[in-house]
Asker: 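Provided herewith is a single structure, encoded as structure tokens, for subsequent inquiry.
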Amino acid sequence: MTSVQSGSFWQHSQSYLDDEILIKKLLLSHDPDRRRLNSEMLLSAVENILFHATASEELVSDKPVNANFKSNISNIELIESPEPLMHTIYKIAHEMLCKSPGKEDLHTRTMASFDLLGSHRWGAKAALALAAFAISYGEFSLLMQLRPHIPLAVSIANFKQIPSNMSMLKPQVKALRSLSKTMVDLTKCIIEFEALPLVHVGPDMEDLAVMKPKIYVTAYWIIRSTLVCSSQIKSLMAMKPEQVHAKHFKLNSSANFSYFSRYSNITIAAWELLSLDNRLSSIYSHLRPQVDAFRRQTEAKMHQKLLSLFKKSHIDNQNVLQMLFALKDDLPLKDCSTQEKLGVSALKSKVVLLLISKPDLLPFEQLFFLVNQTYDHPHNDKIEGSYAIIWVPISFYEAWTDAEQKLFDFISNSMPCYLVRQPWSLNSAVVNFMKQEWNYGGEAIMVVLDSEGMITNLNALDMVFIWGSKAYPFSLSRENELWDGEQWKMQLITNEIHPILTQWVEEGRNICIYGSENLDWIREFNVKMKDIKDAGMRHEMIYVGKNNPGEHTKEILSIMNREIHSNLLSFTKIQLFWLRLESMRRSKSRLGNNASTDNVVAQVSALLDNNNDNGWAVYGKGLSTDIVRVEGDEIFRCLNLFRQWGENVGRLEFIDALRTVLEPPLVDGPCNHTQVVPYSEGLVQGNMVCQNCKLLMKKFTIYE
């Protein structure tokens with residue numbers, strides 16, 4: 001790491017205070033224990049208060065103000081602390097506002113605050129001190145902003161004898177606003193630096209030895225400034241009217257311009273704040289680029305360490321999961337079903353599926369189907385406890401927005417899986433690693449880690465949609481294995497979409513799946529299929545609309561339910577039907593298959609890409625691989641010839657009889673085609689159609 005240079009401020013500060021002595025005193029007060037505060041969220045809440053506190057009165061209206069997610073104190077954690085967060089903040093506020101005997105000077109009071117905050121890390125110290133100041137400033141500002149509008153505010157202000165005209169305080173308020181922003185910016189620097197995974201990447205110890213004292217001194221000046229600001233707020237509350245309206249004295253022209261003859265109290269207060277703001281701004285101008293340099297180089301080292309980690313073999317998955325999720329928090333996960341906080345040890349010896357997505361996760365129908373295919377899948381009972389899904393939300397923006405956090409909070413309370421409790425706290429190097437090495441670009445992916453932490457599949461989401469829990473352990477090799485055992489048949493097309501449909505397939509029923517958004521075509525098709533059914537040819541009809549079903553499909557479903565009184569699949573189930581087909585095509589494509597070389601891809605693509613307004617139909621039976629797809633006017637041509645091919649149904653299967661019309665004979669004269677079929681139980685009584693002449697074949701038995 002490039003050596004950190006000492007800026008001009010750090011040299012200049014020696015003339016005001018012996019930093020070396022100060023640092024020793026600060027370290028004597030610093031005794032952090034196991035308590036952990038979410039300083040970033042607390043600071044965000046402070047920012048929210050200060051923003052509204054320093055806003056002009058024009059902002060006050062009857063419009064309701066939406067509470068910021070981060071400003072909700074109940075969302076801010078203080079782990080393993082003997083007292084609640086607000087108790088700590090109130091104790092600091094009391095220390096700021098009450099000058100105890102022997103603690104009158106500012107430096108002594110500042111060090112007393114450090115003694116009070118000794119159990120916390122440096123960023124937490126600064127954030128807690130700012131929170132204590134923000135409460136007193138916010139209460140004062142709230143009273144002043146509401147005073148012109150609410151009688152209760154007028155009564156309280158009069159009771160406290162707060163002057164009604166505060167216009168003369170504008171210079172002081174402006175200086176207070178500027179100093180508050182600088183304190184927040186500096187506190188962010190400290191929090192960001194402490195959040196860097198320096199222990200895991202082996203920092204340059206010389207650079208670290210230079211940087212740490214600057215963090216200590218910065219924390220000192222932040223807390224010292226909060227004491228000054230709090231004292232001024234207290235003085236404003238006790239200010240008499242004549243003090244508010246005091247006039248500025250003119251400069252004595254005979255003086256050497258080295259000082260003013262007198263200052264008003266307001267001018268002195270504003271000057272004190274501006275002086276502190278200049279000092280802190282100087283610190284910030286040097287500290288910010290140094291923290292950024294540490295962050296960039298730490299992220300680069302972290303990226304390389306993650307690359308190396310995934311190339312090595314491990315005895316379990318703990319090191320990998322620790323690096324991904326537990327750099328800042330020992331309990332980074334939550335079990336949504338129980339709301340219990342968990343460490344990565346809860347995932348030991350499990351296959352881990354990392355569901356990486358935007359905070360809105362997945363569209364409702366996909367989320368519903370994901371749960372249906374995993375936790376609610378019949379096969380899940382056999383492998384329960386062998387795998388775990390962890391939702392890892394990643395913001396679409398550089399920083400999490402309030403809307404994203406609210407959405408995450410809502411979804412996280414209704415998910416059956418594990419999730420990262422505070423995804424906004426994920427290390428930026430980890431997030432960038434997922435984007436660069438795992439190709440996460442906003443669309444949801446499911447990265448699979450085996451029980452030893454090795455990556456076995458960069459995206460198993462499609463195979464989960466296709467096979468559900470049967471895809472365990474969800475590896476790429478398992479995906480290949482499953483496809484090797486699959487053929488284009490009704491079981492693959494309809495698997496687990498609806499339990500009754502699954503039952504029909506297992507019972508070996510004739511099934512017709514059809515789609516169109518042309519209502520006239522749908523009506524005519526159903527009439528002709530009903531005629532066939534009335535003639536004794538039993539089959540089940542399933543309407544699935546069209547790829548990317550929308551409002552028009554909903555309208556057709558409503559009409560069908562009124563006119564035909566039968567449609568098995570709801571709109572959501574129809575969406576799932578098309579989702580599975582899309583998953584099949586993507587899965588096959590990732591494995592290197594295409595429509596010209598793979599029958600499943602060809603058949604799936606024909607359905608997905610079908611834009612024929614006259615509709616289509618797929619006929620199949622149970623587990624048979626004999627499937628017929630018919631499109632457009634060809635369907636009605638075939639159905640109109642029902643009397644011609646229907647008489648064959650008694651001797652042939654429904655699909656074979658239909659095929660005699662759809663596929664004309666390949667030979668004109670006598671056909672001598674023979675086909676040897678290996679014996680299988682149940683085949684003795686069956687019949688077979690010749691692929692050349694499309695007629696029923698004679699059957700002979702050969703003994704070997």
Asker: Would you please name every residue forming a side-chain hydrogen bond (donor to acceptor under 3.5 Å, both in side chains) with Thr88, sequence neighbours left out?
Answerer: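 Scan of Thr88 (side-chain hydrogen bond (donor to acceptor under 3.5 Å, both in side chains), adjacent residues dropped) gives Glu83.
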Asker: Dump the intermediate steps for side chain to side chain contact (heavy atoms under 4.5 Å, CB included) on Val320 and Leu449, then the final yes or no.
Answerer: CA-CA 9 Å; Val320 170; Leu449 307 179; 4.1 Å; yes
Asker: Atom NE2 of residue position His552 - does it have more than 12 heavy atoms of other residues, nucleotides or ligands inside 6.0 Å?
Answerer: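 Yes, enclosed.
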Asker: Can you name the side-chain contact (heavy atoms from CB on, under 4.5 Å) partners of Ser570, sequence neighbours left out?
Answerer: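 Result, side-chain contact (heavy atoms from CB on, under 4.5 Å) vs Ser570: Thr572, Lys573.
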Asker: Any chance you could measure Ile89, atom CD1, to Leu130, atom CG, to the nearest 0.5 Å?
Answerer: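 Rounded to the nearest 0.5 Å, the CD1-CG separation comes to 10.5 Å.
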Asker: Identify the two heavy atoms, one from Asp330 and one from Arg34, that lie closest to each other, and give their separation to 0.1 Å.
Answerer: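 For Asp330 versus Arg34, the nearest heavy atoms are OD2-NH2, 4.0 Å.
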Asker: Between the side chain of Thr502 and the main-chain N/O of His498, is any donor-acceptor distance below 3.5 Å?
Answerer: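 Indeed, once roles are kept as given, a pair shorter than 3.5 Å links the two residues.
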Asker: I'd like to know if Asp292 pairs up with Arg295 as an ion pair, taking the criterion as any Lys NZ or Arg NE/NH1/NH2 lying under 4.0 Å from an Asp or Glu carboxylate oxygen.
Answerer: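 Salt bridge flag = yes for Arg295 with Asp292.
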Asker: Look at Arg296 together with Glu299 and state whether they make a salt bridge at an N to O cut-off of under 4.0 Å.
Answerer: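 No.
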Asker: Enumerate the residue pairs fulfilling salt bridge (charged side-chain N to carboxylate O under 4.0 Å, His left out) with a member in residues 343-353, sequence neighbours excluded, ordered by first and then second residue.
Answerer: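 For residues 343-353, and leaving out neighbouring residues, the salt bridge (charged side-chain N to carboxylate O under 4.0 Å, His left out) pairs sorted by first residue read Asp316-Lys348.
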Asker: Could you note down all residue pairs passing salt bridge (charged side-chain N to carboxylate O under 4.0 Å, His left out) where residues 453-464 supplies at least one of them, sequence neighbours left out?
Answerer: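 Listed by first then second residue: Asp462-Arg586, Asp462-Arg590.
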Asker: Return the minimal non-hydrogen interatomic distance between Met463 and Ala471, and the atom names on each side.
Answerer: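 Closest approach of Met463 to Ala471: CE-CB, 3.6 Å.
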Asker: Salt bridge (charged side-chain N to carboxylate O under 4.0 Å, His left out) with Asp185: which residues, sequence neighbours excluded?
Answerer: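 Asp185: salt bridge (charged side-chain N to carboxylate O under 4.0 Å, His left out) contacts with Lys181.
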Asker: The test is side chain to side chain contact (heavy atoms under 4.5 Å, CB included); show your working for Asn610 and Asn547 and say whether it passes.
Answerer: CA-CA 8 Å; Asn610 189 301; Asn547 192 14; over 6 Å; no
Asker: Under the side-chain contact (heavy atoms from CB on, under 4.5 Å) test, which residues partner Ser357, sequence neighbours left out?
Answerer: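 For Ser357, the residues satisfying side-chain contact (heavy atoms from CB on, under 4.5 Å) (neighbours in sequence not counted) are Leu361, Trp391, Ala444.
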Asker: State the NE2-OG distance between His30 and Ser119, to the nearest 0.5 angstrom.
Answerer: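 Here the rounded value is 9.5 Å.
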Asker: Main chain of Ile383, side chain of Ser386: is a donor-acceptor contact present, judged purely on distance under 3.5 Å?
Answerer: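 Yes, because the side chain of Ser386 sits within donor-acceptor range (under 3.5 Å) of the backbone of Ile383.
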Asker: Is the centre of the Trp122 ring less than 6.0 Å from the centre of the Phe193 ring?
Answerer: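 When the ring centroids of Trp122 and Phe193 are compared, they turn out to be at least 6.0 Å apart.
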Asker: Distance check, rounded to the nearest 0.5 Å: Met446 atom CE versus Leu354 atom CG?
Answerer: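 Going from the CE atom of Met446 to the CG atom of Leu354 covers 9.0 Å.
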Asker: Would you name the heavy atoms of Ile191 and Gly123 that are closest together and state the gap between them?
Answerer: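 Reported closest heavy-atom pair: CG1-CA, 4.0 Å.
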Asker: Looking only at heavy atoms, which two atoms of Ala131 and Leu42 are closest? And how far apart?
Answerer: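 Residues Ala131 and Leu42, closest heavy atoms: CB-CD1, 4.1 Å.
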Asker: With rounding to the nearest 0.5 Å, note down the distance linking OH in Tyr418 to CD1 in Ile390.
Answerer: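 Spacing of OH (Tyr418) from CD1 (Ile390) equals 8.5 Å.
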Asker: Would you indicate whether the side-chain heavy atoms of Asn317 and Asp450 approach each other to under 4.5 Å?
Answerer: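 Counting from C-beta outward, Asp450 and Asn317 never come under 4.5 Å.
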Asker: Can you tell me how far the OG1 atom of Thr218 sits from the CD1 atom of Ile283, to the nearest 0.5 Å?
Answerer: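 It is 5.0 Å, given to the nearest 0.5 Å.
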Asker: List the residues meeting side-chain hydrogen bond (donor to acceptor under 3.5 Å, both in side chains) with Glu452, not counting sequence neighbours, and say none if there are none.
Answerer: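 Checked Glu452 against side-chain hydrogen bond (donor to acceptor under 3.5 Å, both in side chains); zero matches.
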Asker: Test: salt bridge (charged side-chain N to carboxylate O under 4.0 Å, His left out). Region: residues 429-443. Which pairs qualify, not counting sequence neighbours?
Answerer: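 Non-adjacent pairs meeting salt bridge (charged side-chain N to carboxylate O under 4.0 Å, His left out): zero.
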Asker: Quick one: which residue pairs count as a salt bridge (charged side-chain N to carboxylate O under 4.0 Å, His left out) with a foot in residues 189-202, not counting sequence neighbours?
Answerer: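 Applying salt bridge (charged side-chain N to carboxylate O under 4.0 Å, His left out) to every pair that reaches into residues 189-202, excluding sequence neighbours, yields Glu192-Arg288.
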Asker: Can you name the residues that form a side-chain hydrogen bond (donor to acceptor under 3.5 Å, both in side chains) with Lys305, not counting sequence neighbours?
Answerer: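 With neighbours one apart ignored, the set is empty.
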Asker: Please name the pair of heavy atoms, one in Trp578 and one in Pro549, separated by the smallest distance, quoted to 0.1 Å.
Answerer: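 Of all heavy-atom pairs spanning Trp578 and Pro549, the closest is CD1-CD, 4.0 Å.
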Asker: Report yes or no: do Ser395 and Trp424 form a side-chain donor-acceptor pair below 3.5 Å?
Answerer: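 Distance-only check fails for Ser395 and Trp424.
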Asker: Please list all pairs passing the ring pair (Phe, Tyr, Trp, His ring centres under 6.0 Å) test where one or both residues lie in residues 445-466, with sequence neighbours left out.
Answerer: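 Non-adjacent pairs meeting ring pair (Phe, Tyr, Trp, His ring centres under 6.0 Å): Phe369-Phe465.
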Asker: Which heavy-atom pair separates Asn459 from Ile445 by the least distance, and what is that distance?
Answerer: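 For Asn459 and Ile445, the tightest heavy-atom pair comes out as OD1-CA, 3.5 Å.
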Asker: Side-chain polar contacts of residues 307-315 - donor-acceptor pairs under 3.5 angstrom, sequence neighbours left out - could you list them?
Answerer:
from	atom 1	to	atom 2	distance (Å)
His314	NE2	Leu309	O	2.8
His314	NE2	Lys312	O	3.3

Asker: Check the pair Arg585, Ser605 against side chain to side chain contact (heavy atoms under 4.5 Å, CB included), reporting the backbone distance first and the verdict last.
Answerer: CA-CA 7 Å; Arg585 182 157 68 176; Ser605 297; 3.3 Å; yes
Asker: So which of Arg421, Arg36, Lys341 actually passes salt bridge (Lys or Arg N to Asp or Glu O under 4.0 Å) with Asp329?
Answerer: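 For Asp329, the salt bridge (Lys or Arg N to Asp or Glu O under 4.0 Å) test succeeds with only one of Arg421, Arg36, Lys341, which is Arg421.
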Asker: Measure the spacing between SG of Cys336 and CD1 of Ile411 and express it to the nearest 0.5 Å.
Answerer: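 Going from SG on Cys336 over to CD1 on Ile411, the span is 10.5 Å.
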Asker: Can Met183 and Phe133 be said to form a side chain to side chain contact (heavy atoms under 4.5 Å, CB included), step by step?
Answerer: CA-CA 11 Å; Met183 287 191 293; Phe133 156 66; 4.3 Å; yes
